[in-house]
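Quick notes on the structure that follows.
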Amino acid sequence: MYNLDFKEDRPLDLVGVGRLCIDLNADQFNRPMEETKSFTKYVGGSPANITIGAARLGLKPGFIGKVSDDQMGRFIVEYLDGDNIDTTNIAVDHTGAVTGLAFTEIKSPEDCSILMYRDNVADLKLSTDDVSEDYIKNAKALHISGTALAASPSREAVFLALEYARKHEVVVIFDIDYRPYTWNNDKETATYYNLAAEKCDVIIGTRDEFDMMEQFEKEKKSDEETASKWFSHHAEIVVIKHGAKGSFAYTKDGNSHTSGTFKTKVLKTFGAGDSYASAFIYGLFKQWDLSKAMEYGSASAAIVISRHSCSDAMPTTNEIEDFMSKAERQGIS
Ligand SMILES: Nc1ncnc2c1ncn2[C@@H]1O[C@H](COP(=O)(O)OP(=O)(O)OP(=O)(O)O)[C@@H](O)[C@H]1O
Ligand SMILES: O=C(O)C[C@@H](O)[C@H](O)C(=O)CO
C-alpha cells in the first residue's frame with residue numbers, strides 16, 4: 001500500500017496549478033491540418049483537463065491559475081464554474097496576455113499532433129502574488145503541472161505553492177506534462193523539473209518524460225530504478241505510463257503494480273494522460289489499491305481517446321463503471 005495523508009477536514013480535495021487554455025480540435029479528422037476547415041473549441045490545458053476530470057468524478061477541486069482578460073478567459077472560468085470547480089483563485093491578467101491555443105490534428109487514430117500557440121500566454125504570468133497560503137492549506141492535495149515551470153513568474157509561483165503545500169501537509173501530485181515547445185533547453189528543463197519533483201508525493205509521467213528528467217544520470221534508468229530514485233526524495237508513489245502498452249506503478253514500501261488497457265475505438269490519442277491521471281487520483285482519494293486506481297485510470301483514458309475532446313469528454317463514475325463492465329481488457333504488453 002501507500003502512505004498518503006489526505007486531511008479529511010479540508011473543504012477542497014484537489015487544487016490544480018498551471019495552464020488554462022483552449023483546445024481547437026479539428027472537425028475534419030483523418031487528414032492533415034492543412035486540409036482542416038473548422039475546429040471545435042473546448043477548455044484545454046493538461047492541469048485544467050485533470051481538474052475537470054476530478055470534478056466529473058465527484059471530487060471538489062479548486063484551481064490556481066491566470067487567464068486572459070477577454071472572451072477566452074471568461075469562457076474558461078465559466079466552464080470550470082459549471083463543473084463546480086472553485087475558481088476564486090484564478091487571477092485575470094491585465095497586461096494584454098492571451099490564452100494559449102492548442103490546435104489538434106488527427107491524421108489517423110495513431111497519428112495525432114498538437115500545434116501550440118503559446119506566445120505571451122496568461123497562464124505563464126501566474127505570479128507568487130496569485131498564490132494564497134490560506135487557499136492551499138484548505139486543500140487535501142495539490143496537483144502541479146510540469147509545464148507551469150517553463151517560465152517566470154509562473155515558475156516561482158509553483159515553487160511557492162510547493163512550499164505552502166509542504167508546510168501544511170498537503171499531498172502533492174506532480175504530473176510531469178513535458179511539452180518541449182514551452183522550454184528553451186533540455187538542461188534547464190531537467191533542472192527545474194528535478195527541483196519540483198523532489199518535493200512531491202506522487203509523480204506521474206511517461207517513460208520518455210522520466211528520461212528527460214533523469215538526463216543528468218550516467219545511464220538510462222529502468223522503471224524500477226526510476227521509482228527508487230524518487231523514493232529517495234519525497235515520493236510515495238511513482239507511476240510510469242507506457243501508452244497503449246499500459247502502465248506501471250511503484251510504492252515506497254517496495255510493491256509494484258501493472259495495468260493493461262481497455263480495447264476502445266480510438267479517435268485520437270491525446271487526452272489519454274489527463275483522463276488517466278484524474279481517474280487514478282480519484283482512486284487515491286478513495287484509498288483504493290493501486291491496481292484498482294490504475295484500472296480506473298485506464299478505463300477513463302480509453303473512454304476519452306474514443307471521443308473528440310479531452311475536457312468535455314471526461315467521464316463520470318457511472319460512465320467509467322459501465323464501460324468497465326462491457327469493455328475487453330488488454331493485458332500489459
Ligand atoms: N491506444 C490506447 N488504447 C487504450 N488505452 C490507451 C491507449 N493509449 C493510451 N491508453 C491509456 O492511457 C494511459 C496514458 O496514456 P499515455 O501513456 O499515452 O500517456 P500520455 O502520453 O501522458 O498521454 P497524452 O497523449 O494525453 O499526453 C495509458 O497508460 C493507457 O492506460
Ligand atoms: O495540455 C495542453 O496544453 C494540451 C491539452 O489542452 C490537450 O487537450 C492535450 O494534449 C491533452 O493531453
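In listed order, ligands and their atoms are each counted from 1.
Aromatic rings from Tyr296 and Phe280 are positioned such that their centres are separated by 6.0 Å or more. Taking the ring centroids of Trp288 and Tyr282, they lie under the 6.0 Å cut-off. Between Tyr42 and His308, a ring centre-to-centre spacing shorter than 6.0 Å is recorded. Taking the six-membered ring for Trp, His242 and Phe248 have ring centres closer than 6.0 Å.
The side-chain contact (heavy atoms from CB on, under 4.5 Å) test with Asp201 is passed by exactly one of His234, His233, Lys252: His234. For the salt bridge (charged side-chain N to carboxylate O under 4.0 Å, His left out) test with Lys229, the passing option among Glu217, Glu198, Glu214, Glu224 is Glu217; the others fail. Under the salt bridge (charged side-chain N to carboxylate O under 4.0 Å, His left out) test applied with Glu319, the options Lys326, Arg307, Arg56 reduce to a single match, Arg307. Checking Lys221, Arg207, Lys220 one by one against Thr226, the side-chain hydrogen bond (donor to acceptor under 3.5 Å, both in side chains) holds for a single residue, Arg207.
Using a non-hydrogen distance threshold of 4.0 Å, Gly45 registers as a contact of ligand 2.
Under a 3.5 Å cut-off, the side chain of Lys41 and the backbone N or O of Met72 do not form any donor-acceptor pair. Listed for the Arg19 side chain is no donor-acceptor partner under 3.5 Å among the backbone atoms of Asp123.
Nearest protein neighbour of atom 10 (O) of ligand 2, counting heavy atoms only, is Ile114 CD1, 2.8 Å. Gly246 O, 3.4 Å is the protein heavy atom nearest to atom 29 (O) of ligand 1. The protein heavy-atom contact nearest to atom 3 (N) of ligand 1 is Ile305 CD1, 3.7 Å. The protein atom (non-hydrogen) at minimum distance from atom 18 (O) of ligand 1 is Gly243 CA, 3.5 Å. Atom 24 (P) of ligand 1 has as its closest protein heavy atom Gly273 N, 3.6 Å. Closest to atom 15 (O) of ligand 1 among all protein heavy atoms lies Ala272 CB, 3.5 Å. Protein heavy atom closest to atom 13 (C) of ligand 1, with residue, atom name and distance, is Tyr276 CD1, 3.8 Å. Among all protein heavy atoms, the one lying closest to atom 4 (C) of ligand 2 is Arg179 NH1, 3.8 Å.
Annotation for ligand 2: atoms under 4.0 Å from non-hydrogen atoms of Met116 are 3 (O). In summary, the atoms of ligand 2 found under 4.0 Å from a heavy atom of Cys310, numbered by their order in the structure, are 8 (O), 11 (C). Of all atoms in ligand 2, listed by their number and element, those nearer than 4.0 Å to a heavy atom of Arg19 are 1 (O), 2 (C), 3 (O). Less than 4.0 angstrom separates some heavy atom of Thr206 from each of these atoms of ligand 1: 19 (O), 20 (P), 21 (O), 22 (O). Residue Phe262 has at least one heavy-atom neighbour below 4.0 Å for each of these atoms of ligand 1: 4 (C). For ligand 2, the atoms closer than 4.0 angstrom to any heavy atom of Gly271 are 11 (C), 12 (O). Close approach to Ala301 involves these atoms of ligand 1, each under 4.0 Å from a residue heavy atom: 11 (C), 12 (O). Using a 4.0 Å cut-off to heavy atoms of Ser298, the atoms of ligand 1 that qualify are 31 (O). Within ligand 2, the atoms closer than 4.0 Å to a non-hydrogen atom of Ser46 are 1 (O), 2 (C), numbered from 1 in the order shown. Numbered from 1 in the order shown, with element, the atoms of ligand 1 that lie under 4.0 Å from a heavy atom of Gly271 read 26 (O). In summary, the atoms of ligand 1 found under 4.0 Å from a heavy atom of Phe270, numbered by their order in the structure, are 25 (O), 26 (O). Set against the non-hydrogen atoms of Thr261, the atoms of ligand 1 under 4.0 Å away are 4 (C), 5 (N), 30 (C), 31 (O).
Contact annotation: for Ala302 versus ligand 1, there are no heavy atoms closer than 4.0 Å. Under 4.0 angstrom from ligand 1, the non-hydrogen atoms of Thr269 all belong to its backbone.
Backbone and side-chain nitrogen or oxygen atoms of Lys241 are examined, and one is located within less than 3.5 angstrom of a nitrogen or oxygen of ligand 1.
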